[in-house]
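For clarity, every value in this text was computed on a predicted model and none was experimentally measured.
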Amino acid sequence: MNDAAISGSSTAGGRTVLLVGATGLVGSACLRLLMADPTVSRVRTLTRRPLAQVPAAWNEQGKLAQQVVDFDGLEAHPAWLACSQVICALGTTMRQAGSGAAFRRVDHDYVLNVARLALTQGASHFLVVSSMGADAQSANFYYRVKGELEDGLKALGYPSLTIARPSLLLGERAEWRWGEELGKRLGVLLPPRWRPIDAEQVAAALVQASRLPDVGVRLLENAQLKKIALTP
């Protein structure tokens, strides 16, 4: 799909939402919700691999525009990032990335670059999945990278920036993760604010937040995400 084919909104007055990381747990749940949302006229996805098993009805709607990208080369295709809002659920793990530098490139550099480019293309609201405990001064590498990302996004000056800070994410994954299994078993013993959260709840909270007016920086901690997800 070329730049011209995906430029502009499909329906006057509706929102065009750019969804980054649509193949992951949170991203795939966001995609289902956005496709069912009548206030969204166009959903654009930027992914590193094609979406799997796209319902035929979505193709018939003409609402979904998919783009498989190399995140190192986005500057050459600014029209791919033209949108009203961005929901970014892009991320990896240290194990998948293979090194701290590779993890930082995905979870910090790619996300920040998407935000910067989308802002130049007219986006007014950036919504991102960060992490509980995110802190640029943290001794923990993971939390430090997430905190540095948050600081970088704030510095861009978006009219509205929504930062979701979930605890351990639960959901059906292709690979088994011992930490998630442990969280499922022991989560009830933790204080409510630290308990694992279902990826579907995070997605629902993000999509709900995308409908709110621009208000500057909005932080959604773990307990708030669960509460917002239950809002009709």
If I take atom CZ from residue Arg105 and atom CG from residue Asp72, how far apart are they, to the nearest 0.5 angstrom? 6.5 Å

Ala36 to Pro38 - nearest heavy-atom pair and separation: O-CD, 3.3 Å

Run the side chain to side chain contact (heavy atoms under 4.5 Å, CB included) test on Leu64 and Thr45 for me, step by step, so that the C-alpha distance in whole Å, both residues' side-chain angles and the decisive distance to 0.1 Å come before the verdict. CA-CA 8 Å; Leu64 177 64; Thr45 62; 3.8 Å; yes

Write down the atom of Gly152, the atom of Leu112, and the distance for their closest heavy-atom approach. C-CD1, 3.5 Å

Of all residues at least two apart in sequence or in a different chain, which pass the salt bridge (charged side-chain N to carboxylate O under 4.0 Å, His left out) check with Glu60? none

Under the side chain to side chain contact (heavy atoms under 4.5 Å, CB included) test against Gln66, which residue among Leu19, Leu46, Val54 passes? Val54

Would you say the side chains of Asp37 and Thr39 form a donor-acceptor pair under 3.5 Å? yes

Could you go step by step and tell me if Ser167 and Arg195 meet the side chain to side chain contact (heavy atoms under 4.5 Å, CB included) rule? CA-CA 7 Å; Ser167 182; Arg195 288 175 187 168; over 6 Å; no

Among residues two or more places apart or on two chains, list those pairs meeting salt bridge (charged side-chain N to carboxylate O under 4.0 Å, His left out) that have a residue in residues 73-88. Glu75-Arg116

Stepwise, does the side chain to side chain contact (heavy atoms under 4.5 Å, CB included) test hold for Val129 with Leu206? CA-CA 9 Å; Val129 180; Leu206 285 171; 3.7 Å; yes

Separation between CZ of Arg218 and OG1 of Thr162, rounded to the nearest 0.5 Å: 4.0 Å

Evaluate whether atom NZ of Lys154 has more than 12 neighbouring non-hydrogen atoms of other residues, nucleotides or ligands under 6.0 angstrom away. yes

Separation between NE2 (His77) and CG (Asp70), nearest 0.5 Å, reads 9.0 Å

For Leu169 versus Ala199, what's the shortest heavy-atom pair and its separation? CD2-CA, 4.3 Å

List the residues meeting side chain to side chain contact (heavy atoms under 4.5 Å, CB included) with Ala203, not counting sequence neighbours, and say none if there are none. Val26, Ala29, Cys30, Leu33

Would you give the length of the straight line joining atom CD1 of Ile163 to atom SG of Cys88, rounded to the nearest 0.5 angstrom? 12.0 Å

Intermediate values then yes/no, side chain to side chain contact (heavy atoms under 4.5 Å, CB included), Ile87 and Leu18: CA-CA 6 Å; Ile87 296 179; Leu18 178 69; over 6 Å; no

To check you understand the geometry: which heavy-atom pair defines the closest contact between Ala134 and Gly147, and what is its length? CB-N, 3.8 Å

Where at least one partner belongs to residues 18-34, residue pairs that pass salt bridge (charged side-chain N to carboxylate O under 4.0 Å, His left out), sequence neighbours excluded: Arg32-Glu200

Please list all pairs meeting salt bridge (charged side-chain N to carboxylate O under 4.0 Å, His left out) that have one or both residues in residues 132-141, counting only residues at least two apart or in different chains. none

Does Asn113 reach the main-chain N or O of Leu74 with its side chain, forming a donor-acceptor pair under 3.5 Å? no

For Pro159, does its backbone N or O pair with a side-chain atom of Asp214 as donor and acceptor, under 3.5 Å? no

The criterion is side chain to side chain donor-acceptor pair (under 3.5 Å); which residues satisfy it with Ser210, sequence neighbours excluded? Arg15

Got a sec, which pairs hit ring pair (Phe, Tyr, Trp, His ring centres under 6.0 Å) with one end in residues 51-76, sequence neighbours left out? Phe71-Tyr110

Kindly compute the distance separating CD (Gln208) from CG (Leu225), expressed to the nearest 0.5 Å. 12.0 Å

Output every pair passing ring pair (Phe, Tyr, Trp, His ring centres under 6.0 Å) with a member in residues 115-136, not counting sequence neighbours, ordered by first then second residue. Phe126-Tyr158

Tell me whether Val114 is reachable from Val68 by hopping between hydrophobic residues (I, L, V, M, F, W, Y) whose side-chain heavy atoms are closer than 4.5 Å. no

Nearest 0.5 Å, please: how far is CD in Gln85 from OG1 in Thr16? 9.5 Å

Please answer: with hydrophobic residues joined when any side-chain heavy atoms are less than 4.5 Å apart, are Val215 and Leu212 in the same cluster? no

Can you name the nearest heavy-atom pair linking Leu117 to Thr120, along with the distance? O-OG1, 2.6 Å

For the residue pair Leu34 and Val207, establish whether any side-chain heavy-atom pair is separated by less than 4.5 Å. yes

Smallest separation among heavy atoms of Ala209 and Leu220, with atom names: CB-CD1, 4.3 Å

For Thr92, check side chain to side chain contact (heavy atoms under 4.5 Å, CB included) against everything at least two apart and list the hits. Gln96, Ala97, Phe103, Val106, Asp107

Sequence neighbours excluded, which residues qualify as salt bridge (charged side-chain N to carboxylate O under 4.0 Å, His left out) partners of Arg48? none

Excluding sequence neighbours, so at least two apart, what forms side chain to side chain contact (heavy atoms under 4.5 Å, CB included) with Ser99? Ala101, Ala102

With sequence neighbours excluded, what pairs up with Arg165 under the salt bridge (charged side-chain N to carboxylate O under 4.0 Å, His left out) test? Glu150, Glu221

When you compare the side chain of Val128 with that of Val20, does any pair of heavy atoms fall below 4.5 Å? no

For the pair Lys63 (side chain) and Val43 (backbone), establish whether a donor and an acceptor sit closer than 3.5 Å, ignoring hydrogens and angles. no

Would you tell me whether Ser138 and Arg144 have side-chain atoms, one donor and one acceptor, within less than 3.5 Å of each other? no

